[in-house]
Number of protein chains: 2
Amino acid sequence: MSQPRHALSFRPGTPIYGIGVPGLAWRVERGSVRLDGNGTPGEARFASLALPGDIIGSEAMLFGTYAFAASALTECELSPWPEGAASARSGSLLRSLATAQRRAADLVALRGGEAVRRVIGLIRIMANSNDDAAQHVVLPTRQDIADITALRLETVSRIIKRLERDGMLQPVRIDGVHATRSFAVDFGRLAV
Amino acid sequence: MSQPRHALSFRPGTPIYGIGVPGLAWRVERGSVRLDGNGTPGEARFASLALPGDIIGSEAMLFGTYAFAASALTECELSPWPEGAASARSGSLLRSLATAQRRAADLVALRGGEAVRRVIGLIRIMANSNDDAAQHVVLPTRQDIADITALRLETVSRIIKRLERDGMLQPVRIDGVHATRSFAVDFGRLAV
DNA sequence: CGAGCACTTGATCTATGTCAACGGTAGTGG
DNA sequence: CCACTACCGTTGACATAGATCAAGTGCTCG
């Protein structure tokens with residue numbers, strides 16, 4: 001209906017846009033977004049991860065429609081991009097290109113090597129994307145982590161439980177109940 | 001055909017540029033290029049793959065120096081980018097951004113799922129990058145394929161030998177000797 | 001209250017990693 | 001020309017990280 005001149009919020013798991021539909025490009029302001037290409041029968045196949053500062057859906061500026069589907073991994077907030085006509089200039093695009101390439105390289109690293117390293121790598125990336133000096137992460141579901149790291153959800157579950165026991169992750173308590181996706185992180189406790 | 005002005009050629013395995021050094025951005029005209037970030041002690045860690053049409057080193061336009069090292073996977077040819085001042089405008093950059101994202105999604109797919117599928121996926125990508133109607137590929141070394149697909153070179157070797165036996169790959173003969181990296185490809189022979 | 005998620009945990013299987021040996025080819029220097 | 005070395009690729013035997021199958025818990029939502 002009304003053009004979203006301001007930021008939009010999405011709850012974890014919510015679809016943001018689908019493949020092939022027309023729309024705008026967005027800038028991720030808070031939270032994390034998952035992009036999916038179409039797999040075998042139309043099944044969603046993980047394609048990329050977007051964190052605060054990343055631009056998503058820019059292909060729609062070129063082709064008119066989205067080439068990937070987007071959904072919220074964690075609670076997140078998006079604002080239309082570019083903000084003003086002026087910022088569509090080379091500088092801004094060049095910067096987006098550079099961060100996209102860096103993000104892609106990080107993603108590649110998350111899908112090779114020992115399983116524990118991959119999960120820790122993802123936690124590190126998501127924690128860093130947070131400005132907080134006090135390290136704190138909100139992770140996606142175990143299944144989403146599994147899709148990102150090319151592992152199985154059972155494996156991810158076991159690994160995260162182990163990191164909790166080792167003290168690297170401390171589940172946030174809400175009314176005495178352990179959250180399953182919110183953690184205080186202590187990267188010092190790595191070399192166990 | 002005349003060569004594009006000032007295009008450079010590189011032999012397989014040759015370094016193109018290193019991390020942290022100043023330089024230009026390039027467009028891959030022919031062949032394939034591997035990009036590496038710095039791993040643990042300065043070891044090269046595979047970060048990305050560039051094929052004809054891709055732009056590499058654009059981050060140097062922004063920061064002055066390369067963020068990744070580049071080396072030739074196969075015989076390849078690069079030309080400085082952008083060619084003219086005019087083409088540095090939004091259209092060209094937007095296009096680069098879109099292809100970079102698509103390439104990144106492909107790469108992610110190459111690092112998950114069954115080993116055979118990954119290798120076939122890479123072969124398909126490299127064969128498509130070739131304009132030839134007659135399907136023909138020149139692959140990188142087994143080790144490079146292993147780095148790209150996050151497998152081990154022994155595994156890659158076994159898989160490729162199997163694809164040869166299944167008839168999907170037919171090694172090119174030169175003076176009666178089988179080449180180890182040049183193949184005629186028959187994707188029809190997949191469902192074996 | 002029941003259904004459906006999201007997560008955990010155990011037992012077992014297997015695709016792929018690891019280790020090791022060997023052959024071919026290209027390059028290099030005498 | 002012939003060693004000699006350095007890669008690159010192949011192949012076998014064996015080990016294991018992670019997948020797979022299965023069962024059960026507790027939350028949330030309607």
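Computed from a prediction, not measured in an experiment: that's the story for all the values here. The sequence lines fix the lettering, A, B, ..., with proteins before strands; numbering per chain opens at 1.
- Atom pair A:Glu114:CD and D:dT16:C1' shows a separation of 12 Å (rounding to whole Å applied).
- Residue A:Glu154 is in base contact, counting any heavy-atom pair closer than 4.0 Å across all strands shown.
- Among the nucleotides C:dT18, D:dG9, C:dT8, the one closest to any side-chain atom of B:Arg152 is C:dT18.
- Going from atom CZ of B:Arg142 over to atom P of D:dT11 covers 11 Å, rounded to whole Å.
- Nearest nucleotide to the side chain of B:Arg158, out of C:dT16, D:dA13, C:dC7: D:dA13.
- OP1 or OP2 of D:dT10 sits under 4.0 Å from a side-chain N or O of B:Ser157.
- Across all strands shown, B:Arg118 has no heavy atoms under 4.0 Å from either base or sugar-phosphate atoms.
- With contacts defined as side-chain heavy-atom distances shorter than 4.5 Å, the pair A:Met168/A:Val185 qualifies.
- Picking from D:dG9, D:dT10, D:dA19 the nucleotide with the shortest atom distance to the side chain of B:Glu164 gives D:dT10.
- Across the protein-nucleic acid pair, B:Leu139 atom CG and D:dG9 atom P stand 10 Å apart, rounded to whole Å.
- Phosphate proximity of D:dC8 to B:Thr141: absent, as no side-chain N or O sits under 4.0 Å from OP1 or OP2.
- Between A:Arg34 and A:Asp147, some side-chain heavy-atom pair lies under the 4.5 Å cut-off.
- A donor-acceptor contact shorter than 3.5 Å links the side chain of B:Arg118 to the backbone of B:Gly113.
- With rounding to whole Å, B:Ile145 atom CD1 is found 8 Å from D:dG9 atom P.
- Minimum atom distance to the side chain of A:Lys161 is reached by C:dT9, of the listed D:dT10, D:dT11, C:dT9.
- An OP1 or OP2 oxygen of D:dG9 is reached within less than 4.0 angstrom by a side-chain nitrogen or oxygen of B:Arg181.
- Heavy atoms of other residues, nucleotides or ligands lying less than 6.0 angstrom from CD of B:Glu75 number more than 12.
- Look at CD on B:Gln143: it is 12 Å from P on C:dG17, rounded to the nearest Å.
- Remark: B:Gln170 CD is loosely packed, at most 12 non-hydrogen atoms of other residues, nucleotides or ligands lying under 6.0 Å away.
- One interatomic measurement links the two molecules: NE2 of A:His178 to P of D:dT25, which rounds to 19 Å at whole-angstrom precision.
- Using a 4.0 Å heavy-atom cutoff across all strands shown, A:Ile160 reaches no nucleic acid atom at all.
- Between C:dT16 and B:Thr155, no contact under 4.0 Å exists linking OP1 or OP2 to a side-chain N or O.
- For the pair B:Leu153 CG and D:dC8 C1', the computed distance is 9 Å after rounding to whole Å.
- Atom CG of B:Asp144 is separated from atom P of D:dC7 by 14 Å (rounded to the nearest Å).
- Residue contacts shown for A:Arg162 are absent, as no nucleic acid heavy atom lies under 4.0 Å away.
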